[in-house]
Enquirer: 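Below you will find the structure I want to go over with you.
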Amino acid sequence: MQTENLEKVIVIDFGGQYNQLVARRVRECGVYCEIESFKAPLKKISDRKPKGIILTGGPDSVYSAGAASAPRELFELGVPVLGLCYGAQLMMHLLGGKVGRAPEREYGKTELMIDAPDSPLYDGIPHQMTCWMSHNDSISVLAPGFEITAHTGNCPAASLECREKKLYAVQYHPEVLHTSYGKEILSNFVCRICGCSGSWKMEDFVSGKIRELRKKVGDGKVLCALSGGVDSSVAAVLLSKAAGKNLTCVFVDHGLLRKGESELVERVFGPEGPYKLNFIRVDAKERFLRRLAGVCEPEQKRKTIGEEFIRVFEETAKSIGSVDYLVQGTIYPDVVESGLGGESAVIKSHHNVGGLPEIMEFKGIIEPLRCLFKDEVRRAGLQLGIPEELVMRQPFPGPGLGIRIIGEITEQKVKIVQDADAIFREEMKKAGLDRSASQYFAALTNVRSVGVMGDERTYEYAVAMRSVDTSDFMTADVTEIPYTVLKTVMTRIVNEVKHVNRVFYDITSKPPGTIEYE
Ligand code: GLN
């Protein structure tokens, strides 16, 4: 899907750890940017008319057999290219330089001495600064036409350029915050060297996307599985602007949503809501509970919920008649996680719609948010006027509360966890922690123990509260919730939620724990 006439930079992905950051930094410079796999054909890249190309880092060694590569002609498009780490090594390798095992590898913060302060890449940057290094290989012979523009103690060719051809290569990682002027260096590349205006804003993305989708969809019928989560909500509203009444949203209520959530989704997206979507809510609570009876093993639960979801969605879709396009709320981290590398047409087996395309026939899949990060999706959502309550909500798993209940799922347990969770959320908000904690919720342990309430013996469940702080959801720390808040939550839960006589606060970090509690 093209975003025409938009000033853009293309980042070519060689599998490095920080690739997501590269794209994000470029957008922070006010320049729209998309990621492509190194496997993408050259024509696909040149057709997009990028103002600049950035080659990322990567785990391979350029001289090894089967190493990720790029066509040499990439450097002859007349478009400025910046190679980062592996990208820099590859540029040298392809243009006639030499790369080998570095006599001393560099990892971490390293002093960088700039040898060519007049380089456009280093405009306004101090002559000595800290950079972040992470490499085993290094450039030993420069390609013809290049000169060294910076070095470090162990790395004589820490940055190079062929100014007249607008080719730049840096061994360090400007995208990482540890590189002290990294953002300025990237901005020098995209604005000064590539000539981008740096005026891109989320509004431009939203309006451009709507225009593009209108053209693509035409009079076709579009179907969207709405979960009420941030991504599918934003995707649905974008499509509604492009396809109007030709869009139908199907919301499968599996009965495992948080308290009040199903009503919220209907209020916002239903026929009475601001978007007046063709909205079908399927109340499938009974079906899911029946299928889940006796299922205790967490993976089995996820599978059961996923399969039943597809079945319900499929049945509903059939009742609508023929459909041309299916909308998916895939966002960039999903693309990366499923290893699709940005250019593939394969569809991630998303919890909501996995497997569906095999059963149903479509002209195509539409993934309008495929190149955005979560916070960018949120910004697009606010731009589209979706209520903050929905847009800023915390991540919620597709299988819902089903994976926040240990052991068998029953109607009674779902009710306990919904009520306890609602209290916890309310108190977190009162304490002003709702925005700072990354994810927090109540879960139901399968433990029952003896307690005493009103002088009477009880034998009831224990609820677990969990709250974590994280920026990337790969690792997480427990939130240091003040004791008074924890105590208030405990008191309210045991008083207000039937069948609970104990409350725990889970203080496990990730690793060794996971964020969810299943
Ligand atoms: N694999 C290459 C090296 O070790 C590049 C590393 C990187 O891009 N971070 O030098």
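Keep in mind the model is a prediction, meaning the values are calculated, not measured. Read the numbers this way: they start at 1 and go in the same order the structure lists the ligands and their atoms.
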Enquirer: Assess whether a salt bridge exists between R48 and E36, defined as any Lys/Arg side-chain N lying under 4.0 Å from an Asp/Glu carboxylate O.
Expert: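 So R48 pairs with E36 through a salt bridge.
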Enquirer: State whether E212 and K209 are salt-bridged, where the test is any N-O pair (Lys NZ or Arg NE/NH1/NH2 against Asp/Glu carboxylate O) under 4.0 Å.
Expert: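 Salt bridge present between E212 and K209.
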Enquirer: Salt-bridged, K165 to E76, with N to O below 4.0 Å?
Expert: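 A salt bridge is absent here (no side-chain N lies under 4.0 Å from a carboxylate O).
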Enquirer: Which atoms from ligand 1 have a heavy atom of S134 less than 4.0 Å away?
Expert: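 Within the 4.0 Å cut-off of S134, ligand 1 contributes 6 (C), 7 (C), 9 (N).
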Enquirer: Is the closest N or O pair between N136 and ligand 1 shorter than 3.5 Å?
Expert: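 N/O-N/O distance below 3.5 Å exists for this pair.
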Enquirer: Provide, to 0.1 Å, the distance between atom 7 (C) of ligand 1 and the closest protein heavy atom, together with that atom's residue and name.
Expert: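 Here the nearest protein heavy atom works out to C85 SG, 2.9 Å.
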Enquirer: Judged by non-hydrogen atoms, does R105 sit under 4.0 Å from ligand 1?
Expert: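 The answer is no, since R105 has no heavy atom less than 4.0 Å from ligand 1.
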Enquirer: With heavy-atom distances below 4.0 Å as the criterion, list the atoms of ligand 1 near H173.
Expert: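 By the 4.0 Å cutoff, the relevant atoms are 9 (N).
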Enquirer: Check this for me, if you would: do R105 and D137 make a salt bridge, where the nitrogen-to-carboxylate-oxygen distance has to be below 4.0 angstrom?
Expert: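 Answer for the salt bridge query: no.
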Enquirer: Nearest heavy atom to atom 2 (C) of ligand 1: which of D60, L55, T56 does it belong to?
Expert: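 It is D60 whose heavy atom sits nearest to atom 2 (C) of ligand 1.
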Enquirer: Would G57 count as being in polar contact with ligand 1, using the rule that some N or O on each side must be under 3.5 angstrom apart?
Expert: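 No; every N/O pair is 3.5 Å or more apart.
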Enquirer: Under 3.5 Å, side chain of D60 to main-chain N/O of V62, donor-acceptor pair present?
Expert: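 The answer is no, because no donor-acceptor pair under 3.5 Å joins these two groups.
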Enquirer: Who's the nearest protein heavy-atom neighbour of atom 6 (C) of ligand 1, and how far?
Expert: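 Protein heavy atom with the smallest distance to atom 6 (C) of ligand 1: G58 O, 3.3 Å.
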Enquirer: Going by distance only, is there an N or O of Q171 that falls short of 3.5 Å from an N or O of ligand 1?
Expert: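 No, since none of the N or O atoms of Q171 sits under 3.5 Å from an N or O of ligand 1.
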Enquirer: Checking the N or O distance criterion of under 3.5 Å, is ligand 1 in contact with H135?
Expert: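 N/O-N/O distance under 3.5 Å: no.
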Enquirer: Determine, using ring centers only, whether Y32 and W200 are less than 6.0 Å apart.
Expert: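 Under 6.0 Å, so yes.
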Enquirer: May I ask you to say whether R425 pairs ionically with E261, meaning some side-chain N is under 4.0 Å from a carboxylate O?
Expert: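 Looking at R425 and E261, the cut-off is not met.
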Enquirer: Under a 4.0 Å heavy-atom limit, does P59 contact ligand 1 with its side chain, its backbone, both, or neither?
Expert: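 P59 to ligand 1: backbone contact only, side chain stays beyond 4.0 Å.
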Enquirer: Please confirm whether the backbone N or O of I481 pairs with a side-chain atom of T479, one donor and one acceptor, at under 3.5 Å?
Expert: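 Here the side-chain-to-backbone pair does not exist.
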